[in-house]
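Treat the numbers as computed from the prediction; the structure is a model and nothing was measured.
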There are 2 protein chains.
Amino acid sequence: MSLEHAILVSLLEQPASGYELARRFDRSIGRFWTATHQQIYRVLKQMADDDRITGVQVGQESLPDKKVWSVTPAGRAALLDWLHAPVRPEAVRHELAVKIRGAAFDDAAGRAALLAEVERYRADHESVLAGYLAGERRDFADPAAPDARAALQHVVLRGGIAYERMVLAWLDDVLATLRALDPDPERPAP
Amino acid sequence: MSLEHAILVSLLEQPASGYELARRFDRSIGRFWTATHQQIYRVLKQMADDDRITGVQVGQESLPDKKVWSVTPAGRAALLDWLHAPVRPEAVRHELAVKIRGAAFDDAAGRAALLAEVERYRADHESVLAGYLAGERRDFADPAAPDARAALQHVVLRGGIAYERMVLAWLDDVLATLRALDPDPERPAP
DNA sequence: GCTTGCTATGCAACAAAGTGCATAGCAGGA
DNA sequence: TCCTGCTATGCACTTTGTTGCATAGCAAGC
């Protein structure tokens with residue numbers, strides 16, 4: 001279960017409640033590990049049972065109470081054990097690539113629909129990239145020598161930026177390929 | 001279950017046995033969808049039960065018999081349904097990125113170990129890229145206008161190539177970042 | 001007063017994926 | 001002759017991930 005380790009890293013960077021973690025997974029951490037709040041709450045419960053984290057109930061003004069979790073020494077030790085284990089090759093799961101190859105067995109109308117879908121998909125990635133760039137300007141504008149944590153966070157963010165730029169360039173290639181396949185006389189040159 | 005759809009695409013491109021599919025998933029298809037042979041045999045059985053594929057027993061000289069699977073009309077229809085559904089955002093799972101951020105909570109020795117691990121990881125990706133480039137030279141050398149299937153296979157392969165190149169460049173960035181963090185006087189400049 | 005939306009936590013059921021193990025014949029080398 | 005490695009298929013068990021649902025208080029707008 002690597003979600004556990006992603007949570008340990010996030011909690012070491014900053015203690016948080018399940019809800020806050022879920023939002024981090026929707027934003028910064030989500031760039032390299034996705035998880036829903038249901039998964040997070042379940043894993044947090046297990047981790048508490050295994051004594052990797054401890055929670056403190058915190059009251060808030062005009063908001064429900066929350067439980068803020070911190071990493072225990074045992075949790076930190078578990079993270080270090082995992083850090084020292086070999087990195088496993090990443091499991092790729094590119095649904096869009098499967099669909100593109102599958103489009104060879106569809107008709108022109110189906111490929112036109114896929115083209116529209118790719119355009120939507122491209123817009124999503126463009127906004128993700130914009131979010132990363134905004135985050136970079138916000139958190140890493142200072143050119144002074146950063147500490148280890150900031151330097152490592154920044155290099156991971158640069159990875160996310162490079163990934164999104166690569167995806168956008170590739171999607172342009174995909175769009176051009178799809179358009180060349182079924183030239184559309186109704187819409188000559190958009 | 002999208003493994004089912006990846007298998008349908010692969011079998012439409014060329015009928016195959018479970019074993020052959022597993023090897024394709026280790027090579028060309030594995031660039032956008034990973035699966036082990038156990039997963040593949042299991043899903044093939046389900047797909048046969050659902051009448052998406054039919055198998056023919058084929059005897060071989062000095063090799064065990066194999067069962068070659070082909071897509072039925074129902075299977076093709078199921079694939080088209082799936083093709084016309086919206087693409088879901090890809091689920092990212094970058095263990096290495098988690099470890100890099102986690103390295104902030106490790107000591108210099110731990111980060112040195114991570115650095116060696118990243119170098120190994122980089123070598124793996126370099127050989128994957130070399131494999132893709134060899135495949136491209138082998139299968140797409142002909143500059144003549146390709147048919148839809150070849151054009152779509154090629155654009156997906158270009159995606160794999162772009163991905164690997166991006167990863168290699170990022171890993172160089174990671175290595176430089178790690179080296180800057182803990183300058184090693186024992187090994188000044190490799 | 002009602003609806004929508006946000007914070008905040010969680011269970012239950014189900015679907016999918018991963019890990020470990022087992023079998024079996026043949027080829028080729030030590 | 002034994003060991004290794006390849007083709008070929010598959011089961012059983014465990015871990016993860018997804019989906020749907022449920023609760024509850026507060027704030028803001030209509």
Side-chain angles (χ1 to χ4, degrees), chain A residues 1-7 15-27 29-30 32-50 53 55-69 82 85-86 88-95 98, chain B residues 1-8 15-27 29-30 32-50 53 55-69 78 82 85-86 88-95 98:
Chain A
M1 187 196 337
S2 269
L3 177 54
E4 175 173 340
H5 304 111
I7 288 176
S17 70
Y19 187 81
E20 287 161 347
L21 274 175
R23 281 192 306 176
R24 284 190 206 168
F25 273 81
D26 279 343
R27 293 189 280 120
I29 306 191
F32 55 85
W33 205 278
T34 51
T36 61
H37 80 269
Q38 290 93 333
Q39 273 175 276
I40 289 168
Y41 282 117
R42 191 198 337 187
V43 172
L44 282 175
K45 187 171 159 32
Q46 284 168 230
M47 290 167 78
D49 289 347
D50 295 344
I53 55 175
V56 181
Q57 197 83 17
V58 173
Q60 298 181 102
E61 279 178 46
S62 77
L63 277 180
D65 289 2
K66 62 180 178 179
K67 222 183 288 175
V68 173
W69 300 97
W82 177 77
R88 283 181 302 180
E90 72 266 37
V92 180
R93 215 126 289 187
H94 285 322
E95 199 177 279
V98 179
Chain B
M1 187 195 341
S2 269
L3 176 54
E4 174 172 338
H5 304 110
I7 288 176
L8 284 171
S17 69
Y19 188 82
E20 287 161 348
L21 273 176
R23 283 192 305 178
R24 284 190 207 169
F25 273 80
D26 280 343
R27 294 188 281 118
I29 306 191
F32 55 85
W33 206 279
T34 52
T36 61
H37 78 269
Q38 291 93 333
Q39 278 173 272
I40 288 167
Y41 282 116
R42 181 177 25 192
V43 173
L44 282 175
K45 186 169 157 31
Q46 284 168 230
M47 290 167 76
D49 288 347
D50 296 344
I53 54 174
V56 181
Q57 197 85 16
V58 173
Q60 300 180 99
E61 279 179 45
S62 76
L63 277 180
D65 289 2
K66 62 180 178 179
K67 222 182 290 174
V68 172
W69 299 98
W82 176 78
R88 282 183 302 180
E90 71 265 40
V92 180
R93 216 125 290 187
H94 285 323
E95 198 178 278
V98 180

Between [N] ([atom2]) and [X] ([atom1]): distance, integer Å:
| X | N | atom1 | atom2 | result |
| --- | --- | --- | --- | --- |
| B:L21 | D:dG10 | CG | C1' | 15 Å |
| A:Q38 | D:dT18 | CD | C1' | 8 Å |
| A:E95 | D:dG17 | CD | P | 17 Å |
| A:Y41 | D:dT19 | OH | P | 19 Å |
| B:Q46 | C:dA16 | CD | P | 8 Å |
| B:E4 | C:dA17 | CD | C1' | 15 Å |
| B:Q39 | C:dT19 | CD | P | 9 Å |
| B:W69 | D:dG10 | CH2 | C1' | 12 Å |

Test item: A:R93 side-chain N/O and B:T34 main-chain N/O as donor-acceptor pair under 3.5 Å: yes

B:H37 vs B:R42, nearer the 5' end of DNA chain C by closest nucleotide: B:R42

Most 5' of B:L3 and A:D65 on DNA chain C, judged by nearest nucleotide: A:D65

Candidates D:dG10, D:dA8, C:dA17 - which lies nearest the side chain of B:K67: D:dG10

Non-hydrogen side-chain atoms of B:V98 and A:W82 separated by less than 4.5 Å: yes

Minimum side-chain heavy-atom gap B:H5-B:W33 below 4.5 Å: no

Touch class at under 4.0 angstrom, heavy-atom based, for A:S17 against every strand present: sugar-phosphate

Any donor-acceptor N/O pair under 3.5 Å between D:dT7 base and B:R23 side chain: no

Given [N], is OP1 or OP2 found less than 4.0 Å from the side-chain N or O atoms of [X]?
| X | N | result |
| --- | --- | --- |
| B:R88 | D:dT19 | yes |
| A:K45 | C:dT9 | no |
| B:R93 | D:dG17 | yes |
| A:Y19 | C:dT9 | no |

Exercise: identify the closest heavy-atom pair between A:L21 and A:A16: CG-CB, 4.2 Å

Given DNA chain D, 5'-ward residue of the pair A:S2 and B:K66, judged by closest heavy atom: B:K66

Step-by-step side-chain contact (heavy atoms from CB on, under 4.5 Å) determination, A:K66 to A:E20: CA-CA 10 Å; A:K66 62 180 178 179; A:E20 287 161 347; 2.7 Å; yes

